[in-house]
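One structure is given here, and the rest of the page talks about it.
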Amino acid sequence: MALSPFNGSNQTYLERTPEKLVVEGYRYWTSGFDTGSIQPWELAWDLYNKILGPDDAGQAVTALSGFVRTLKTCAACPLRSFPFQSRHLCIEECLTIGLLAGVQNGDDAAELCLQHLSCPQRCHQVEAAAQVFGKTLLQLNQRLLPVPCHVINDVLKRQNPIRLH
């Protein structure tokens, strides 16, 4: 799926700062959990520090860590992700960004994504962690673009990753 440029630029969806912070942050943090290495977490810190500065990066990385930790504990299935800086999104990455965008923009996508990401008994925990992360990003002027429910439903029907040009 090709996306048109934003605001007359050649910037694609994953190059927007808020989306980059969420997707790359998710990838780095899940990789750290999966490998037991702190190197991916250091890469997350470097990215957030470069974009937000050290004070705001600390706050954002703390929220990211809590969100991913909660999601890994409460996920309905094992979380997957593409390699760092990939131009593809897997279903879990789409649902994660849809959840956080829905939290920030107050739309129905949050609930839809939550239902597919989390086991029913723990949805409230994932929602609470998503609220903290999403609102932290908002406080740092990092608003995600809304993700319509029909896009989430289309993603859930796909077997292949979405490629963003």
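Quick note: numbers below take in every heavy atom, side chains included, and nothing from hydrogens, waters or symmetry partners.
Listed by first then second residue, pairs satisfying salt bridge (charged side-chain N to carboxylate O under 4.0 Å, His left out) with a partner in residues 105-116 number zero, not counting sequence neighbours. Within the structure, ring pair (Phe, Tyr, Trp, His ring centres under 6.0 Å) contacts touching residues 122-154 (residues at least two apart or in different chains) are Phe67-Phe133. Sequence neighbours left out, the pairs with a member in residues 32-55 that pass salt bridge (charged side-chain N to carboxylate O under 4.0 Å, His left out) are Asp34-Lys72.
Residues Leu71 and Leu99 form no side-chain contact, since every pair of their non-hydrogen atoms from C-beta on lies 4.5 Å or further apart. With a 4.5 Å cut-off on side-chain heavy atoms, Leu14 and Leu89 count as touching. Side-chain contact between His88 and Glu93 is absent, with no heavy atoms from C-beta onward closer than 4.5 Å. Looking at Gln142 and Leu52, their side chains come closer than 4.5 Å, going by heavy atoms from C-beta outward. Side-chain contact between Leu95 and Val155 is absent, with no heavy-atom pair separated by less than 4.5 Å. Contact check for Leu137 versus Pro18: no side-chain heavy atoms found under the 4.5 Å cut-off.
For the residue pair Ser118/Arg122, the side-chain donor-acceptor check at 3.5 Å is not satisfied.
Taking every heavy atom of both residues into account, Cys90 and Ser81 meet most closely at SG-CA, 3.8 Å. Across all their heavy atoms, Ala63 and Thr136 have their closest contact at CB-OG1, 3.7 Å. Annotation for Thr70 and Gln125: closest pair CG2-O, 3.5 Å, computed over non-hydrogen atoms. Shortest non-hydrogen contact noted between Pro148 and Pro146 is CD-O, 3.7 Å. The shortest heavy-atom contact between Gly58 and Trp45 is N-CZ3, 3.4 Å. In this structure, Tyr26 and Arg80 approach most closely via the heavy-atom pair OH-O, 3.0 Å.
Rounding to the nearest 0.5 angstrom, the gap separating the CZ atom in Arg27 from the NZ atom in Lys20 is 10.5 Å. Expressed to the nearest 0.5 Å, how far CD of Glu19 lies from CG of Leu144 amounts to 5.0 Å. To the nearest 0.5 Å, atoms CD (Glu24) and OG (Ser86) are separated by 8.5 Å. Going from atom CZ of Arg143 over to atom CG of Leu138 covers 5.0 Å, rounded to the nearest 0.5 Å. To the nearest 0.5 Å, atoms CG (Leu140) and CD1 (Ile51) are separated by 11.5 Å. Rounded to the nearest 0.5 angstrom, Leu64 CG and Leu47 CG are separated by 9.5 Å.
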Trace of the side chain to side chain contact (heavy atoms under 4.5 Å, CB included) decision for Arg87 with Thr12: CA-CA 10 Å; Arg87 298 186 61 82; Thr12 64; 3.6 Å; yes
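Checking Thr30, Thr96, Thr73 one by one against Val68, the side-chain contact (heavy atoms from CB on, under 4.5 Å) holds for a single residue, Thr30. Just one residue in the list Tyr48, Tyr28, Phe33 forms a ring pair (Phe, Tyr, Trp, His ring centres under 6.0 Å) with Trp41, and that residue is Phe33.
Residues Val151 and Ile97 share a single hydrophobic cluster, defined by chaining ILVMFWY side chains whose heavy atoms lie under 4.5 Å apart.
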